[in-house]
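Data block below; observations after.
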Amino acid sequence: MLRALAVLLLTAAPALAWETRSGRVCELVHDGETAFVRVTYDPAIPEYSIAITPELPWLNSPVFAMRFDGPRSNIISTDRHVISGGGATLTVTDSGFGNVLNGLEFNHTATALLGDRAIAVPLDGAGPAVRDFRACASGLSA
């Protein structure tokens, strides 16, 4: 009976893994407890983007920042973020994403900061998926 309960609990839990998807556009996705995160690279533009959709809507503020905590801690910020879907999703795009990808690959936590709001995203298991995403993006750029 306990074994059946354990199996049920483990299979009912949400998928919290980082996943890479390849196609015309490279994607790195994470559907976590605090937010859905989607990083893309589109070679047709060429442009990277990160979209963060937490459970509660974003409230606009002039500066968005991401803090990476871990062995390669860093804080990056921009005033070029866009909030869409009635506050549902915050998106940042740029032609280079080295700091974002390094932050996701080499740290323990990424925290999205906008105004008084802080959304922490665990990076457990992100490293291999980020490496796959980098390989996808470099393959599409070649």
Side-chain angles (χ1 to χ4, degrees), residues 3-142:
R3 186 175 292 163
L5 179 61
V7 169
L8 178 63
L9 290 174
L10 291 174
T11 57
L16 301 177
W18 289 83
E19 178 184 342
T20 303
R21 301 174 185 161
S22 301
R24 185 189 65 76
V25 172
C26 298
E27 290 183 282
L28 172 66
V29 295
H30 175 70
D31 192 2
E33 292 180 6
T34 58
F36 178 81
V37 179
R38 180 176 182 248
V39 179
T40 62
Y41 174 70
D42 185 344
I45 300 176
E47 189 172 75
Y48 291 87
S49 72
I50 185 167
I52 304 168
T53 307
E55 288 189 16
L56 299 175
W58 293 102
L59 298 176
N60 206 359
S61 189
V63 177
F64 169 72
M66 284 192 77
R67 184 183 70 226
F68 299 101
D69 297 306
R72 294 194 191 177
S73 296
N74 193 11
I75 297 176
I76 55 178
S77 63
T78 183
D79 61 358
R80 298 183 309 155
H81 60 283
V82 174
I83 298 176
S84 60
T89 302
L90 180 144
T91 305
V92 177
T93 59
D94 203 341
S95 59
F97 246 45
N99 285 336
V100 173
L101 296 176
N102 286 343
L104 296 173
E105 182 175 0
F106 300 114
N107 290 293
H108 304 299
T109 306
T111 303
L113 304 161
L114 185 66
D116 294 335
R117 187 105 180 264
I119 307 294
V121 177
L123 300 176
D124 300 331
V130 172
R131 290 188 290 276
D132 290 345
F133 177 84
R134 289 181 197 261
C136 175
S138 65
L140 291 180
S141 298

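Values below: every heavy atom of this structure, side chains too, minus hydrogens, waters and symmetry copies. If you're wondering where the values come from, they're calculated on a predicted model, not measured in any experiment.
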Indicate the atoms forming the closest heavy-atom contact of [X] with [Y], along with that distance.
X    : Y    : answer
E47  : D94  : CG-O, 3.6 Å
H81  : T78  : ND1-O, 3.7 Å
S22  : C136 : OG-SG, 3.6 Å
P122 : A120 : CD-O, 3.9 Å
W18  : D124 : CD1-O, 3.4 Å
Y41  : P46  : OH-CB, 3.3 Å

May I ask you to test the [X]-[Y] pair for a side-chain heavy-atom distance under 4.5 Å?
X    : Y    : result
N102 : F68  : no
H108 : D69  : no
P71  : F106 : no
F133 : L104 : no
L123 : E105 : no
S61  : L114 : yes
F97  : I50  : yes
R38  : T91  : no

Go through T40 and S49 one step at a time and tell me if the side chain to side chain donor-acceptor pair (under 3.5 Å) criterion holds.
-> CA-CA 5 Å; T40 62; S49 72; 2.5 Å; yes
Can you measure from [atom1] ([X]) to [atom2] ([Y]) and round to the nearest 0.5 angstrom?
X   : Y   : atom1 : atom2 : answer
L90 : N60 : CG    : CG    : 8.5 Å
R80 : T93 : CZ    : OG1   : 6.5 Å
N74 : M66 : CG    : CE    : 10.5 Å

So with a 6.0 Å cut-off around CG of L59, is the heavy-atom count from everything else above 12?
-> no
Is it true that atom CZ of R72 has more than 12 heavy atoms of other residues, nucleotides or ligands lying nearer than 6.0 Å?
-> no
Identified side-chain contact (heavy atoms from CB on, under 4.5 Å) partner of F64 from the options V92, I76, L113, I83 = V92
Under the 3.5 angstrom rule, does the side chain of R117 hit a backbone N or O of P57 as a donor-acceptor pair?
-> yes
